[in-house]
J.: 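Can you read through this structure? Questions will come right after.
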Amino acid sequence: MLPPHLAKEAAADLDAELVDAAAYEAHRIALGVPRGGLDFIYGDVFPHETDMDQLNGVDFEKGCYVGQEVVSRIEHRGSARSRVVPVAFEGFAPDPGAPVTAADKSIGTFGSRADGRALALLRLDRAGDALAAGTPLVAGGATLRLVKPDWARFAFPGEARAAE
């Protein structure tokens, strides 16, 4: 973060390109990076549900922070039931906050969107069951297609699981 009058010089120093806010948001969404207040409600989710464990937003070596025990348990059990995941859709964009459903059952919430891509906070098990049954995921009348980001290391809905 820096004052706007220094942005052009800093971008040149970093061999980076300055873009407007809409281009930044579209890029963020395409990468699958959630934004608090848009893709999840602060205080209503655990760090794993917002992919902070995947995006190096949690230090599992540091001790003594509020919720440390629960966060550590989720990490070691690999038991995050919900996560923000990227989705793609065609046509009209559903409104942020719209329920995501499968066979008329709520499985999550639609988040921020741009250029046919969006983020959705989904129950992974319910999304996986719907995909296995051939049931479409729908938000605001639009059919959603899950898009696994390159950085995701968790079991993604619709992927074949290794034999146990």
Side-chain angles (χ1 to χ4, degrees), residues 19 21-58 60 65-164:
V19 297
Y24 169 82
E25 284 297 301
H27 186 66
R28 175 187 68 78
I29 292 164
L31 290 174
V33 178
R35 182 172 167 193
L38 292 175
D39 301 310
F40 62 90
I41 298 171
Y42 291 109
D44 284 358
V45 292
F46 290 107
H48 287 74
E49 294 174 318
T50 63
D51 303 320
M52 287 185 192
D53 61 318
Q54 306 285 298
L55 297 168
N56 299 314
V58 178
F60 294 104
Y65 56 89
V66 175
Q68 173 189 7
E69 294 84 7
V70 175
V71 170
S72 181
R73 188 175 318 118
I74 292 170
E75 175 69 10
H76 289 88
R77 290 184 181 174
S79 61
R81 295 187 331 170
S82 298
R83 283 193 182 265
V84 175
V85 296
V87 297
F89 61 92
E90 292 185 17
F92 180 77
D95 290 329
V100 176
T101 61
D104 295 323
K105 293 182 183 177
S106 180
I107 65 165
T109 306
F110 194 80
S112 53
R113 77 271 202 264
D115 302 332
R117 299 291 298 270
L119 299 175
L121 178 59
L122 300 179
R123 276 284 305 260
L124 299 179
D125 56 341
R126 293 179 184 167
D129 290 347
L131 293 173
T135 304
L137 308 182
V138 178
T143 299
L144 307 180
R145 179 177 51 83
L146 301 184
V147 180
K148 184 176 182 178
D150 292 339
W151 50 259
R153 299 179 311 274
F154 58 91
F156 205 76
E159 284 187 328
R161 292 190 177 132
E164 295 179 18

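Note: hydrogens, waters and symmetry copies are ignored here, and every other heavy atom, side chains too, is used.
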J.: Sequence neighbours excluded, which residues qualify as salt bridge (Lys or Arg N to Asp or Glu O under 4.0 Å) partners of R83?
T.: D51, D53
J.: Taking side chain as C-beta onward, heavy atoms only, is S112 less than 4.5 Å from R28?
T.: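 Result yes, sub-4.5 Å side-chain heavy-atom pair found.
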J.: Tell me, yes or no, whether the heavy-atom count around I41 atom CD1, taken from other residues, nucleotides or ligands under 6.0 Å, exceeds 12.
T.: no
J.: If I take atom CZ from residue F92 and atom CZ from residue R113, how far apart are they, to the nearest 0.5 angstrom?
T.: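 The CZ atom of R113 is 7.0 Å from CZ of F92, to the nearest 0.5 Å.
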J.: I'd like to know if the side chain of W151 reaches the main chain of V33, judged simply by a donor and an acceptor atom lying under 3.5 Å from each other, with no hydrogens or angles considered.
T.: no
J.: What distance do R35 atom CZ and L119 atom CG have between them, rounded to the nearest 0.5 Å?
T.: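 The CZ atom of R35 sits 11.5 Å away from the CG atom of L119.
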J.: Atom CD in Q54, atom NE2 in H48: separation rounded to 0.5 Å?
T.: 8.0 Å
J.: What's the separation between atom CZ in R117 and atom CG in L31, rounded to the nearest 0.5 Å?
T.: 8.5 Å
J.: Write down the atom of A142, the atom of P94, and the distance for their closest heavy-atom approach.
T.: CB-CG, 3.8 Å
J.: After noting the C-alpha distance and the side-chain angles of K148 and V85, does the key distance pass the side-chain contact (heavy atoms from CB on, under 4.5 Å) rule?
T.: CA-CA 7 Å; K148 184 176 182 178; V85 296; over 6 Å; no
J.: What orientation do F40 and Y42 show, parallel under 30°, tilted 30 to 60°, or perpendicular over 60°?
T.: perpendicular
J.: Any chance you could lay out the side-chain contact (heavy atoms from CB on, under 4.5 Å) test for L146 and L122, step after step, and finish with the verdict?
T.: CA-CA 10 Å; L146 301 184; L122 300 179; 3.7 Å; yes
J.: Could you state the interatomic distance from CD (E25) to CG (D115), rounded to the nearest 0.5 Å?
T.: 11.0 Å
J.: With a 6.0 Å cut-off (strictly less than), is the heavy-atom count around CG of D44, excluding the residue itself, greater than 12?
T.: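 Enclosed: over 12 neighbouring heavy atoms sit under 6.0 Å from CG of D44.
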J.: What are the two closest heavy atoms between A130 and A102, and how far apart are they?
T.: CB-CB, 3.6 Å
J.: If you look at every heavy atom in P47 and T50, which pair is closest and at what distance?
T.: O-OG1, 2.9 Å
J.: Under a 4.0 Å N-O cut-off, is there an ion pair linking R123 with D125?
T.: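 Salt bridge between R123 and D125, a charged N being under 4.0 Å from a carboxylate O: yes.
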J.: Under the side-chain contact (heavy atoms from CB on, under 4.5 Å) criterion, do V100 and L144 qualify, and how do the steps go?
T.: CA-CA 9 Å; V100 176; L144 307 180; 3.9 Å; yes
J.: Closest heavy-atom contact between L124 and A155?
T.: CD1-O, 4.2 Å
J.: Can you tell me how far apart CG (L137) and OG1 (T143) are? Round to the nearest 0.5 Å.
T.: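 Output value for this atom pair is 8.5 Å.
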J.: Of the non-hydrogen atoms in V84 and P34, which two are nearest, and what is the gap between them?
T.: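 Answer, listing the atom of V84 first, then P34: CG1-CB, 3.7 Å.
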J.: How far apart are the closest heavy atoms of F110 and V87, and which atoms are they?
T.: CE1-CG2, 4.2 Å
J.: Side chains of D129 and K105, heavy atoms from C-beta outward: is any pair under 4.5 Å?
T.: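 A side-chain contact under 4.5 Å is absent here.
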